[in-house]
Amino acid sequence: METLTKLQILSGAARYDASCASSGSKREGPACGTGNTSQSGICHSWSDDGRCISLLKILLSNDCRYDCAYCVNRSSNQIPRASFTAREVVDLTLEFYRRNYIEGLFLSSAVMQSPDHTMERMVRVAETLRNEERFGGYIHMKIIPGSSSELVRKAGLYADRISVNIELPSQASLQRLAPQKHKEAILEPMALIGREIQQSLVERRTSRLAPRFAPAGQSTQMIIGASPENDFQILRLSQGLYKKMNLKRVYYSAYVPVSEDNRLPVIASPPLLREHRLYQADWLLRFYGFSAEEILSDDEPNLDESFDPKTAWALRHPEFFPVEINRADYATLLRVPGIGVVSAKRIIAARRFSAISPEGMKKIGIVMKRAKYFIICSGRPFEQTLRQPALLRQQLLLGESSGSALPALPKQLVLPGIFS
Amino acid sequence: MNRYLYDGTADGLLSAIAWILEEESDPQQVALGERQDTLFEDGFFIGTDATQAEALFYRLRTQAPDAAHSLYYFMLAEKEGMESSLLHYISLAFIHGDKVNGHLTHPSVRDIVAVAKKAGRELHRMKGLLRFEKLRDGAYLAKMEPDHNIIHPLAWHFSRRLRAQDWFIYDARRRTAVRWHTGTLQFGTIEQFTAPALSDDEKMVQTLWQAFFKTIAIPDRKNPRLQKSNMPMKYWKYLTEKQGE
């Protein structure tokens with residue numbers, strides 16, 4: 001089979017993986033080789049779906065033994081199958097890298113004969129790139145659940161980032177939709193990777209020559225909308241992963257209907273709005289000091305579709321507001337809807353010089369569309385509506401609908417009883 | 001309010017600022033502009049002194065590294081008519097140190113920081129969007145038309161990254177070019193640009209990349225608006241993946 005055909009099959013099969021980050025690792029390139037990495041990561045292009053392309057994202061093979069209901073590569077699906085040789089992947093990576101198309105390689109694979117057999121072939125690609133070709137660019141490797149810890153360790157030594165996909169947010173759904181995958185086979189390598197990363201960091205404190213283990217950390221991905229878990233369950237799972245396993249990122253991937261299996265929900269289009277809200281909530285967990293229990297509860301287990309999770313929290317907590325811009329600390333500023341990390345830092349930097357006036361807020365570039373209902377500047381309020389939550393709700397909704405930066409996202413079609 | 005003039009060069013601008021900071025008690029009340037050579041021009045002309053300009057930059061770098069960083073990026077933007085703002089900004093930087101970049105309620109600080117940010121953003125963007133093509137002799141060539149004069153820092157970036165290959169970057173808007181060869185960077189200008197012949201396998205690799213670009217997008221999530229906002233169309237001219245679309 002021609003390389004072009006293989007590339008089309010194997011990149012098409014890899015596109016449902018959300019991660020494309022190339023950040024978190026800073027490496028000087030080898031003197032006689034090609035490539036380095038930059039701490040902030042670099043996007044090289046944006047595909048027609050608007051997502052950034054920074055890595056050559058491909059599968060080594062889409063010839064899968066497993067039959068996971070949600071997956072386009074499941075063994076029962078009648079699609080063309082292909083596999084790359086290690087050399088083909090290495091050459092593609094280098095040719096693309098030399099022309100500055102990409103930041104590096106994101107290698108994943110379907111499970112061929114066995115997890116170990118597959119993992120071994122993937123590790124060989126990374127090994128060739130690093131040792132023979134002196135490639136210093138970014139490598140993200142997926143771990144095949146069930147592969148031996150020896151291979152996981154090897155992968156971590158060559159790759160900048162490694163990830164194990166959780167796929168479905170609960171054991172029950174995994175059993176139902178991916179009966180050949182087991183929770184332990186997913187969580188064990190995650191824990192192992194977490195320990196190895198920790199240990200390498202400790203060793204590197206005493207010796208600069210100690211090997212680096214996945215310097216950009218580990219991440220994972222869950223499919224949203226293929227199984228019945230609510231947002232609260234998902235968010236609590238993410239929270240646990242960030243706190244206990246030290247993950248860098250959890251990716252959420254709106255389920256794209258790729259199969260007509262009767263175990264799956266029938267949806268007209270992927271639940272993009274829900275995915276978007278989950279990412280917003282995820283950001284609140286990682287950068288805004290929120291806990292999952294503050295964002296959602298057992299009584300209200302799903303994220304509001306009409307408001308972002310921070311605004312929804314603010315509407316439930318009128319006692320927290322108004323926030324005095326010239327006095328509030330960083331953590332408090334971060335809780336104001338419409339004020340993010342950048343704005344909060346700007347406010348703190350600017351008020352060192354003089355108290356910020358309402359006009360000053362606009363000057364330093366704070367977007368007041370939502371924030372104005374929740375703040376006061378040196379005792380002066382911006383809007384009077386704060387005392388009437390119902391009116392405030394309405395005001396905010398009106399503001400949302402006019403010229404929002406986001407394109408109109410299709411809503412998820414909810415079919416009651418589909419999982420009963 | 002005293003008004004000063006300089007010759008319009010970068011060195012002239014910085015040495016004039018150095019002179020004013022030395023001589024004037026309140027630089028915030030001073031205006032600085034480029035000499036236009038008209039008959040009734042008002043102001044005192046300050047001559048260019050490259051060592052003064054350099055000394056000012058180094059002094060700023062020790063006292064306020066972030067502000068020196070902003071100054072560097074501001075100069076890449078080649079903006080005209082902002083000389084007074086720059087003077088006020090630098091004088092504040094010597095008073096407040098790096099905290100000055102947070103003084104965004106000050107109009108001069110806001111203007112300078114905004115221009116510097118924009119230049120920095122384009123530099124970062126071009127690190128990703130620059131596309132090299134392999135030439136018949138094995139070297140690589142990239143063309144670009146950026147809004148800001150970013151060829152120096154961009155070349156430095158690629159000198160750390162693509163060390164093992166010879167390459168050129170050509171700025172078609174400014175007719176400047178840089179060459180990486182045997183471990184050194186050489187900058188120059190090109191009066192007449194003629195496109196050299198491409199290597200035999202170049203078209204094949206480009207076809208592979210274009211195919212990858214097409215298939216990696218999820219058809220159910222098509223979003224051209226988001227694509228354009230992340231990757232403005234002004235950059236598409238030299239993007240391999242956007243040729244022949």
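Naming convention: chains lettered A, B, ... in sequence-line order (proteins, then strands); numbering from 1 in each chain.
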Taking all non-hydrogen atoms of both residues, which atom of [X] and which atom of [Y] are closest, and how far apart?
X	Y	result
B:R221	A:P270	CG-CG, 4.4 Å
B:T215	A:Q8	CG2-O, 3.9 Å
A:S47	B:I216	CB-CG2, 3.9 Å
B:N230	A:G50	ND2-O, 3.4 Å
A:T3	B:L208	C-CD2, 4.3 Å
B:F212	A:L7	CB-CD2, 4.0 Å

Counting only non-hydrogen atoms closer than 4.5 Å, does [X] touch chain B with its backbone (N, CA, C, O), its side chain (CB onward), both, or neither?
X	value
A:T37	backbone
A:I348	neither
A:L4	both

Option in B:A142, B:A164, B:P107 with maximal non-hydrogen atom pairs under 4.5 Å from chain A: B:A164

Over 12 foreign heavy atoms within 6.0 Å of CZ, B:R175: no

Atom NE2 of B:H124: over 12 foreign heavy atoms under 6.0 Å: yes

Can you tell which of [options] has the highest number of heavy-atom pairs within less than 4.5 Å of chain B?
options	answer
A:L92, A:I53, A:D49, A:I102	A:D49
A:M361, A:E275, A:K362	A:E275
A:R98, A:E359, A:R352	A:R98
A:L56, A:I58, A:I347	A:L56

Chain A contact via [X] - which portion, at a heavy-atom distance below 4.5 Å:
X	answer
B:R110	side chain
B:S229	neither
B:H96	side chain
B:Y140	side chain
B:Y235	neither

Under 3.5 Å side-chain donor-acceptor pair for A:N36 and B:R161: yes

Side-chain donor-acceptor contact under 3.5 Å, B:E241 with A:S45: yes

Verdict with reasoning, B:H157 to A:I42, per side-chain contact (heavy atoms from CB on, under 4.5 Å): CA-CA 12 Å; B:H157 167 80; A:I42 297 173; 3.7 Å; yes

From B:Q206 atom CD to A:Y101 atom OH, the distance as rounded to the nearest 0.5 Å: 4.5 Å

Inter-residue atom distance B:N101.CG - A:R346.CZ, 0.5 Å rounding: 11.0 Å

Between the side chain of [X] and the main-chain N/O of [Y], is any donor-acceptor distance below 3.5 Å?
X	Y	value
A:E95	B:V205	no
A:N100	B:L130	yes
B:R163	A:T34	no
A:H44	B:L129	no

Steps toward side-chain contact (heavy atoms from CB on, under 4.5 Å) verdict (A:R99, B:W167): CA-CA 10 Å; A:R99 288 164 177 80; B:W167 48 255; over 6 Å; no

Plane angle bin for B:H103 and A:F353 - parallel if under 30°, tilted between 30 and 60°, otherwise perpendicular: parallel

Side-chain heavy atoms of A:R51 within contact of B:I218, under 4.5 Å: yes

